[in-house]
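Input: a single structure, listed below in structure tokens.
Here, residue 1 is the first one in the sequence, and each next residue gets the next number. Both counts, for ligands and for their atoms, begin at 1 and track the order of listing. Predicted model, so just to flag it, every value in this text is computed and none were measured.
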Amino acid sequence: MRRVYMDHTAGMPIDERVLEIMIPYFTLNYGNPSSIHSFGNEPRRAIDEARSKIADLIGAEKKEEIIFTSGGTESNNLAIKGIAYRNKDKGQHIITSSIEHMSVVNTCKHLSKQGFKLTQLRVDKYGIVDTEVLKKEITDKTILVSIIYANGEIGTIEPIKEIGEIAHEKGAFFHVDAVAAAGQIPINVQDENIDLLSLSANDMYGPKGTGALYKKAGTPIMPIMQGGGQERGLRSGTENLPGIVGMGKAAELMKIEMKTEAERLSKLRDAFIKGVLERIPEAYLNGHSTMRLPNNVNVRFSYIEGESLILGLDMEGVACSSGSACTSKTLEPSHVLLAIGLAHEEAHGSLLFTLGRQNTKEDVKYVLGLLPGIVRRLRAISPLTPKDLVT
Ligand code: PMP
């Protein structure tokens with residue numbers, strides 16, 4: 001049976017070129033980068049090189065502005081709690097949006113229980129943050145604005161530069177969760193007024209469990225873990241050397257291949273969306289048609305459940321998802337789909353396909369060949385389906 005993996009936002013295969021460069025750091029170069037003896041030299045050099053490559057991917061001025069972490073979740077925690085705890089004397093107001101990843105949502109919720117005031121900006125039906133509302137909500141007491149660069153679930157890309165400008169006019173710091181966007185679309189932290197930016201290696205065909213936080217020089221944050229003082233005191237713990245080396249290589253490859261791959265994926269994405277909307281009645285696109293990540297297809301079908309569609313497709317070898325992997329185990333509809341104004345049943349009828357390097361035109365054709373039949377079968381047994389749609 002043909003196997004088609006279209007769930008790249010949940011997990012990506014590691015690029016073999018990345019894996020290859022990591023292996024010696026498990027076996028030969030196992031020294032600790034903090035050691036004074038010569039076993040520490042190569043690890044120190046390798047970490048430095050990885051830092052430069054990540055700085056290069058996002059247009060950071062200096063490699064020292066990159067802090068390695070255990071992934072996107074930790075980077076988001078470090079950025080948000082780090083700013084909140086360090087700057088609470090200036091103000092206790094944090095602004096975020098209603099379509100953030102759970103690692104931002106729950107970190108902000110945690111802070112609000114400790115007395116911080118939280119404003120969640122609503123988004124429009126495409127998932128775009130309204131900058132006029134931001135201008136109204138931001139005050140001199142706002143210490144942080146945290147907005148996702150692009151939502152991995154609906155693919156919508158936010159007006160980041162403009163949001164950063166508004167934050168800075170009021171003296172607030174600007175954090176961006178770029179886990180889903182980095183390597184897919186160009187990012188430049190200096191041009192886009194970004195003070196802190198979260199990254200995760202696995203979303204760039206690197207290893208799971210490795211991430212980074214960009215922190216513009218001079219941005220004051222408090223560490224959230226106490227220990228040996230690695231990463232200039234901001235992230236204690238022995239460095240994940242193979243992971244860091246792998247993340248550096250992954251960032252380098254993403255930068256080189258981004259333009260070509262984004263063009264290729266955008267074409268596949270658009271053909272996929274067009275094919276679904278043409279072939280299936282009462283099918284709709286979630287998110288924006290052009291302000292969208294190149295790899296993201298999120299569509300919804302009336303009268304049926306996304307979970308049944310996933311199982312139907314899985315039986316034919318196709319892997320996709322109903323939303324974020326982090327929340328897919330709950331029966332609750334995705335907060336992102338509700339935030340763009342979908343009713344519960346519309347959110348439940350949504351399917352997320354995230355494309356990747358190994359996907360081809362043939363894969364899209366294969367899925368487009370299967371989907372109408374599966375939708376028809378499920379609609380035929382759904383009590384909600386109007387009669388004229390099944391006959
Ligand atoms: N933010 C976004 C937008 C994500 O998609 C993810 C999951 N890939 C995360 C944060 C969390 O990253 P990690 O799983 O590396 O902790």
Side-chain angles (χ1 to χ4, degrees), residues 5-14 18 54 58 66-82 96-110 123 127-129 146-158 160 163 175-185 187 194 196-214 224-225 235 237 240 243-244 246-247 250-251 254 286-287 292-298 319-330 334-337 339-340 352-356:
Y5 184 79
M6 290 188 174
D7 196 13
H8 286 81
T9 192
M12 289 193 181
I14 192 163
V18 170
I54 291 159
I58 57 167
I66 305 298
I67 304 159
F68 286 108
T69 67
S70 64
T73 300
E74 188 188 334
S75 298
N76 284 340
N77 270 266
L78 178 56
I80 297 169
K81 289 179 187 158
T96 182
S97 85
S98 52
I99 57 158
E100 298 300 313
H101 186 263
M102 291 316 285
S103 55
V104 169
V105 173
N106 284 334
T107 301
C108 290
K109 234 186 236 173
H110 178 75
V123 295
I128 299 175
V129 168
S146 176
I147 304 289
I148 199 161
Y149 201 108
N151 183 284
E153 212 176 310
I154 52 171
T156 305
I157 302 167
E158 299 297 338
I160 291 299
I163 296 171
H175 166 246
V176 175
D177 175 356
V179 169
Q184 300 274 338
I185 51 176
I187 293 178
I194 298 170
L196 300 132
L197 179 122
S198 301
L199 299 166
S200 182
N202 190 234
D203 289 69
M204 303 192 285
Y205 300 94
K208 291 181 176 60
T210 308
L213 177 67
Y214 159 79
I224 54 174
M225 286 203 297
R235 203 288 184 169
N240 171 7
I244 289 172
M247 184 170 183
M254 288 309 256
N286 290 329
R292 187 176 197 98
L293 288 175
N295 70 343
N296 182 289
V297 175
N298 192 323
C320 64
S321 111
S322 59
S324 161
C326 317
T327 42
S328 60
K329 281 194 214 83
T330 70
S334 144
H335 70 285
V336 175
L337 296 177
I340 60 170
L352 169 63
F353 298 88
T354 39
L355 312 177

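Under 3.5 Å, the side chains of T69 and S75 contain a donor-acceptor pair of N or O atoms.
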>> Using side-chain hydrogen bond (donor to acceptor under 3.5 Å, both in side chains), reason through S198 and H175 one step at a time and then give a plain yes or no.
In response: CA-CA 8 Å; S198 301; H175 166 246; 2.8 Å; yes
> Yes or no on side chain to side chain contact (heavy atoms under 4.5 Å, CB included) for V176 and I147, after CA distance, side-chain angles and deciding distance?
Replying inline: CA-CA 5 Å; V176 175; I147 304 289; 5.7 Å; no
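Nearest heavy-atom pair, A201 versus P207, reported as atom, atom and distance to 0.1 Å: CB-O, 3.3 Å. Scanning all heavy atoms of the two residues, the minimum distance from L352 to T354 falls at CD1-CG2, 3.9 Å. Of all the heavy atoms in N76 and S103, the pair that sits closest is ND2-OG, 3.0 Å.
Atoms of ligand 1 lying under 4.0 Å from any heavy atom of I148, numbered from 1 in the order shown and given with element: 3 (C).
Nearest residue to atom 9 (C) of ligand 1 from K208, H8, M12, H101 is H101 (criterion: closest heavy atom).
Heavy atoms of G152 stay at 4.0 angstrom or farther from ligand 1.
The shortest N/O to N/O separation between S70 and ligand 1 does not fall below 3.5 Å. Inclusion of D203 in the set of residues having an N or O under 3.5 Å from an N or O of ligand 1 is warranted. Distances between N or O atoms of E74 and those of ligand 1 include no value under 3.5 Å. Residue T9 places no N or O, backbone or side chain, under 3.5 Å from any N or O of ligand 1.
Contacts between V179 and ligand 1 below 4.0 angstrom, taking non-hydrogen atoms only, involve the side chain exclusively. Contact annotation: for N151 versus ligand 1, there are no heavy atoms closer than 4.0 Å.
N286 pairs with exactly one of N298, N296, V297, V336 by the side-chain contact (heavy atoms from CB on, under 4.5 Å) rule, that one being N298.
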